[in-house]
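Below is one structure; the comments refer to it alone.
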Amino acid sequence: MNVIFLDFDGVINTSSGYDVDGSYRQDYNNPSDGKVNNYNAIKLLNKLCKEKKMAVVVDCKKWRNTQEKDENGEYILRSYKRILYDSGLDDYTYIYGHTPATDFNKDMEIKIYLEKHKEIEKFIILEDNPSEISRELQNFMVICNKDKGFTEREYSYALRLLNNQPSINRGNPYIE
């Protein structure tokens, strides 16, 4: 299985952009709006997922932390799916899950997810803030301009990265 660890703000939700309905915004959408605002980024995400047979793993603390928890204390993924699909994510694009809600940084949450999901063979991280990702995982990262999000430039880089994917180091000292 191949996955994309997807951040929202700065990747598919930008300081300006076109909503799925074609309206232009010059401000970020918020989780309460029910969708992200960069439809062009969503279209490219769809294209990448289809072409490379990739699933999405949601990795965005701000949007996750605004959602309700279920009876097990886990954040409800349903709302993420609805936000992404309402924002233009194609029905064939599978949302595989989300990184765990911890007090760790984003980097560690990705490592924990990879450790628990050994079926993942290849992955990339779509992120606008490289300081959130360790040097080890930066080899898997596509850095997006926070104002433009995931564009054709980042899409092309993601393809090159996936075609030349380095091996996954599954060692994680924080998991027993």
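Computed from heavy atoms alone, side chains included, the values below leave out hydrogens, waters and symmetry copies. Residue numbers run from 1 in the order of the sequence given.
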Q. If you round to the nearest 0.5 Å, how far is CD of Q138 from CD1 of I125?
A. 9.0 Å
Q | Heavy-atom closest contact (T93 atom, C49 atom, distance) | A | CG2-SG, 3.7 Å
Q) Side chains of D59 and K106: does their closest heavy-atom pair fall under 4.5 Å? A) yes
(Q) With rounding to the nearest 0.5 angstrom, report the CE to CD distance, M108 to E115. (A) 10.5 Å
Q. Of all heavy-atom pairs between V11 and D7, which one has the smallest distance, and what is that distance?
A. CB-O, 3.3 Å
Q) If you look only at pairs with a residue in residues 147-159, which of them pass as a salt bridge (charged side-chain N to carboxylate O under 4.0 Å, His left out), with sequence neighbours excluded? A) none
Q.
side-chain contact (heavy atoms from CB on, under 4.5 Å) for I133 and I110? Distances and angles first, verdict last.
A. CA-CA 9 Å; I133 305 299; I110 291 171; 4.1 Å; yes
Q: Output, in order, the C-alpha distance, side-chain angles, deciding distance and verdict of side-chain contact (heavy atoms from CB on, under 4.5 Å) for V58 and Y96.
A: CA-CA 8 Å; V58 174; Y96 191 59; over 6 Å; no
Q: List in chain and number order the residues that pass side chain to side chain contact (heavy atoms under 4.5 Å, CB included) with Y157, two or more places apart in sequence or in another chain; answer none if no residue qualifies.
A: V142, R160, L161
Q.
Could you check whether any side-chain heavy atom of Q165 comes within less than 4.5 Å of a side-chain heavy atom of F123, counting everything from C-beta outward?
A. yes
**Q.** Verdict with supporting geometry, I4 and V57, side-chain contact (heavy atoms from CB on, under 4.5 Å)
**A.** CA-CA 6 Å; I4 297 171; V57 175; over 6 Å; no
Q: Working to the nearest 0.5 Å, report the span between CE of M54 and CG of L162.
A: 4.5 Å
Q.
Is there a side-chain contact between N37 and T14 in this structure, where contact means two heavy atoms from C-beta onward sitting under 4.5 Å apart?
A. yes
Q | From NZ (K146) to CD (E127), nearest 0.5 Å | A | 13.0 Å
Q: Supply the atom-to-atom distance N2 CG to K122 NZ, rounded to the nearest 0.5 angstrom.
A: 6.5 Å
Q) Can you find a pair of side-chain heavy atoms, one from C144 and one from T151, that are under 4.5 Å apart? A) no
Q.
What's the separation between atom CD1 in I42 and atom NZ in K47, rounded to the nearest 0.5 Å?
A. 15.0 Å
Q. Looking at residues at least two apart in the chain, or sitting in another chain, which of them share a side chain to side chain contact (heavy atoms under 4.5 Å, CB included) with K50?
A. Y92
Q: Take L45 and L126 through the side-chain contact (heavy atoms from CB on, under 4.5 Å) test and state the conclusion after the steps.
A: CA-CA 10 Å; L45 180 63; L126 296 183; 4.1 Å; yes
**Q.** Any side-chain heavy-atom pair of L44 and L48 under 4.5 Å
**A.** no
Q. How about F5 and H98: do any of their side-chain heavy atoms sit closer than 4.5 Å?
A. no
Q: Return the minimal non-hydrogen interatomic distance between V36 and S87, and the atom names on each side.
A: N-OG, 2.8 Å
**Q.** Qualifying salt bridge (charged side-chain N to carboxylate O under 4.0 Å, His left out) pairs, either residue in residues 85-94, two or more places apart
**A.** R82-D86
Q: Using a 4.5 Å cut-off on heavy atoms from C-beta on, say whether the side chain of I12 contacts that of L6.
A: yes
Q) Is any side-chain heavy atom of L84 closer than 4.5 Å to a side-chain heavy atom of F8? A) yes
(Q) Could you check whether atom NZ of K52 has more than 12 heavy atoms from other residues, nucleotides or ligands sitting under 6.0 Å from it? (A) yes
(Q) Under the rule for ring-ring contact (aromatic ring centres under 6.0 Å, His included), what residues qualify as partners of F150, not counting sequence neighbours? (A) none
Q.
Run the salt bridge (Lys or Arg N to Asp or Glu O under 4.0 Å) test against D107 and tell me which residues pass, sequence neighbours left out.
A. K111
